Amino acid sequence: MTISEPNRYDRIAVSLHWIVGAGILAQLGFGWLLGEFERGTPTRALAINLHKSTGLLLALVILARLLWRLRHRPPAYPANIMANWQLRAAGLGHMLLYVCMVAMPVTGYLASNFSRHGIRFFNQIELPLWGPDDKAIYGLLNGTHDVLAFVFSALVVGHILAALHHAFVARDGLFARMSFGPRGQF
């Protein structure tokens, strides 16, 4: 099946999708690896500040993606490609992905501001703290950040599996809507 231009995302949306997607995969992977660094060591502090710094940059790209999405309506799904329950599941999945894309950096940033460690942007610039060193608030926000990492990871895996299903099993052309490749089926 060939997907026509009106049923495709524009180049900016596609670019932002893949940049954010790669950034999220890298950031989630990096976040999972942080537990491997020994607590109280300079190496761990360096790694955590790198995670925080890349998270802040990724948050800016996510904000650009969200603003683009709010100003540019996504193309409608081609008729009769998916059942109603699949359309509802896709809509819910995308909404939850956006919630996690916003909530992850927000909870990480907020947690850092209720810790005496704060954020050293790329281990060079100490960002000013605006919250007190409060272990209870930090614990709540950091715990939320950790729980969201599990939820977000599951959503990302589900999103990737659904995309691969459309590309290689269903071969319905939906993957082509968010690709740079030829305008035909993928």
Side-chain angles (χ1 to χ4, degrees), residues 12-74 88-163 178:
I12 293 173
V14 171
S15 298
L16 288 169
H17 172 270
W18 290 103
I19 291 167
V20 168
I24 287 169
L25 287 173
Q27 192 68 345
L28 283 170
F30 191 21
W32 292 116
L33 289 175
L34 289 177
E36 300 300 315
F37 293 93
E38 186 179 336
R39 289 191 175 277
T41 64
T43 304
R44 181 177 169 90
L46 187 82
I48 287 176
N49 275 305
L50 185 57
H51 179 71
K52 291 175 182 181
S53 300
T54 55
L56 288 174
L57 290 180
L58 183 56
L60 292 175
V61 181
I62 288 168
L63 180 61
R65 177 179 163 88
L66 182 60
L67 291 173
W68 187 263
R69 170 61 180 82
L70 290 173
R71 300 199 66 193
H72 297 84
R73 188 174 185 86
R88 285 191 302 276
L92 178 62
H94 284 108
M95 182 193 68
L96 292 173
L97 282 166
Y98 276 106
V99 167
C100 286
M101 277 190 273
V102 171
M104 285 293 293
V106 167
T107 56
Y109 175 75
L110 290 174
S112 294
N113 278 280
F114 288 96
S115 164
R116 64 183 170 86
H117 300 291
I119 300 170
R120 286 186 55 86
F121 193 68
F122 288 103
N123 293 295
Q124 299 297 313
I125 303 166
E126 184 118 13
L127 300 183
L129 288 171
W130 49 262
D133 184 16
D134 187 316
K135 290 187 184 342
I137 295 173
Y138 170 80
L140 175 67
L141 291 167
N142 195 56
T144 302
H145 187 74
D146 290 346
V147 168
L148 283 171
F150 284 100
V151 172
F152 201 15
S153 295
L155 288 167
V156 167
V157 167
H159 183 72
I160 292 169
L161 290 174
M178 192 53 86

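Every value quoted in this text rests on a predicted model; they were computed, and no experiment measured them.
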Under the side chain to side chain contact (heavy atoms under 4.5 Å, CB included) rule, what do L28 and I24 come out as? Steps first, then yes or no, please. CA-CA 6 Å; L28 283 170; I24 287 169; 3.7 Å; yes

Output yes when a side-chain donor or acceptor of R120 lies under 3.5 Å from a complementary backbone atom of N49, and no otherwise. no

To the nearest 0.5 Å, how far apart are CG in L148 and CE in M101? 13.0 Å

Below 4.5 Å, heavy atoms only, C-beta onward: do M104 and Q27 meet side chain to side chain? no

Identify, with sequence neighbours excluded, every residue that meets side chain to side chain donor-acceptor pair (under 3.5 Å) alongside S53. none

Under 3.5 Å, is there a donor-acceptor pair between the side chain of N113 and the main chain of G131? no

Could you work out, with side chain to side chain donor-acceptor pair (under 3.5 Å) as the rule, every residue matching H159, not counting sequence neighbours? none

Find the distance between NE2 (H72) and CG (L67) and round it off to the nearest 0.5 Å. 11.0 Å

Examine distances only and state if a side-chain atom of N142 and a backbone atom of A111 form a donor-acceptor pair shorter than 3.5 Å. no

Do C100 and V151 come close enough that some side-chain heavy atom pair is under 4.5 Å? yes

Distance in Å, H117 NE2 paired with K52 NZ, rounded so as to fall on 0.5 Å steps: 7.5 Å

So how far is it from H145 NE2 to L140 CG, rounded to the nearest 0.5 Å? 13.5 Å

CZ-CH2 distance between F114 and W130, expressed to the nearest 0.5 angstrom: 4.5 Å

So Y109 and I119, do their side chains get closer than 4.5 Å, heavy atoms only? yes

Is there side-chain contact between L34 and H51, with heavy atoms separated by less than 4.5 Å? yes

pair L110-Y138: side-chain heavy atoms closer than 4.5 Å: no

Roughly how far, to the nearest 0.5 Å, is CZ of F122 from OG1 of T54? 6.0 Å

